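Note: hydrogens, waters and symmetry copies are ignored here, and every other heavy atom, side chains too, is used. Since the structure is predicted, the reported quantities are computational estimates derived from the model, not experimental observations. So that the names make sense, note that chain A is the first sequence line, chain B the second, and so on, each numbered from 1.
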2 protein chains.
Amino acid sequence: MQSSVALRKQPEALVILERFLPYRLNVLASLTSNALAQIYAERFGLTIPGWRVIVTLGQYEFRTARDIAAHGVMHKSTISRAVATLEERGLVARKPNADDRREELLELTPAGRAIYEDLAPEALAFERRLLSVLSGEEQGILSALVDKLARHARSLAPQEEGGS
Amino acid sequence: MQSSVALRKQPEALVILERFLPYRLNVLASLTSNALAQIYAERFGLTIPGWRVIVTLGQYEFRTARDIAAHGVMHKSTISRAVATLEERGLVARKPNADDRREELLELTPAGRAIYEDLAPEALAFERRLLSVLSGEEQGILSALVDKLARHARSLAPQEEGGS
DNA sequence: ATAAAATTGTTGCACGCGCAACGAAATTCG
DNA sequence: CGAATTTCGTTGCGCGTGCAACAATTTTAT
């Protein structure tokens, strides 16, 4: 065994950022998030959590704060405050749940739904612009891989409450 | 043309979160980021920006704060403060650049490199655990697609400074 | 050469966010 | 049935972070 160099002391790159997936995922998510945030902040004065509440309620009609938090990996206090702000602005209404009086069902007001209907097409247009560099097949593959990874990542830390 | 229902008023889901890629990318990034953050916060008292500075310097040896910020889509003030903290802890050192005295070259101190060499294997182990649900081929495909998307996303908003 | 514009990094300020403690309600257990 | 535990949502606190203004320096334009 011809030893190459004995006791190399030179620093060595152990992690290559350009190949480190968690890093790259965060960079990509930041890029898309920032671009989207610009749209709904400038045009509708919405924060990211506020936007998420509105889109979730636009899709699900009635949901609790906890559902929204868990689904989007956000802290419950973040959602609580976002809902409070949206309620003050008259975009979201609370309906007490008779079956479980700890929780409140949330829904969009007509004004909230109007914003949703304005915002949703822009969000989809942004998504299309973003995905336009991928073929339809690539989009499907990416979609499946992202879902697979996300499911696995959730199983690695099930009891957590995350922050964006 | 037999019209279906005239003037449907029922609310309609325009955005399906489970199919909306920016949302899913953020969820996935949050999941991985939280799990990683737990490692280097608990064991080394590092914040996310602090960790990013250390890994970047671990790989590149000499970099300016601006480089790190742009590469990781983070705000320059975030990096500035992270570097200040790391310098106080004796993990990072500044070398003034004679060619351009506005900027400072950053490098890891021996203590900083020691943390890096402790942390890097754990980060890589986490990445392996995360990617273990994908085949080698799938990993390669995902990698390529993420890069392609990130390049495109950067080109959509080139003059921005992002936030994590 | 001189002035105007651009760039690097820092800092005061405000605010959003995570944490932990809390009240209220529901569930589990003895 | 009653006590202990769990869960949903809110809130005070501290802090990290984005924004904008700034000093220092370099680059560009006149």
- Item | Gap between atoms CG and P, on Leu86(A) and dG16(C) respectively (whole Å) | 12 Å

- Query: For His75(B) and dC15(C), what is the distance between atoms NE2 and P respectively, to the nearest whole Å?
  - Reply: 17 Å

- Starting from C1' on dA21(D), measure out to NZ on Lys76(B) and report it in whole angstrom. 10 Å

- Item | Rounded distance (Å) that lies between atom P of dG18(D) and atom CD of Gln38(A) | 15 Å

- For residues 92-132 of chain A, the ring pair (Phe, Tyr, Trp, His ring centres under 6.0 Å) pairs (sequence neighbours left out) are none

- Query: Are any of the side-chain heavy atoms of Leu131(A) and Arg128(A) separated by less than 4.5 Å?
  - Reply: no

- Closest to the Arg66(B) side chain: dT25(D), dT8(C), dC17(C)? dT8(C)

- Is Thr64(A) touching bases, backbone alone, or none of the nucleic acid, heavy atoms closer than 4.0 Å? sugar-phosphate

- Within this structure, what is the CG-to-P distance between Leu105(A) and dC8(D), rounded to whole angstrom? 13 Å

- Query: Looking at side-chain heavy atoms only, is the closest gap between Leu108(B) and Leu86(B) below 4.5 Å?
  - Reply: no

- Base of dG18(C) paired with side chain of Arg81(A) (donor-acceptor, under 3.5 Å): yes

- Message: Rounded to whole Å, how long is the line connecting atom CG of Asn97(B) with atom P of dT8(C)?
- Response: 12 Å

- Note on the structure: From NZ of Lys95(B) across to P of dG9(C) the rounded distance in Å is 17 Å

- Message: Closest approach to the side chain of Ser77(B), judged atom by atom: which nucleotide of dA26(C), dT10(D), dC19(D) is it?
- Response: dC19(D)

- In whole angstrom, what separates Asp100(B)'s CG from dG9(C)'s P? 8 Å

- Query: Taking OP1 and OP2 of dA24(C), is either one under 4.0 Å from a side-chain nitrogen or oxygen of Arg102(A)?
  - Reply: no

- Message: At less than 4.0 Å, is any side-chain N or O atom of Arg63(B) found next to OP1 or OP2 of dT8(C)? Yes or no.
- Response: no

- Item | Glu107(B) side chain near Leu57(B) side chain, heavy-atom distance below 4.5 Å | no

- Task: Could I get the full list of side-chain hydrogen bond (donor to acceptor under 3.5 Å, both in side chains) partners for Ser143(B), not counting sequence neighbours?
- Result: Arg24(A)

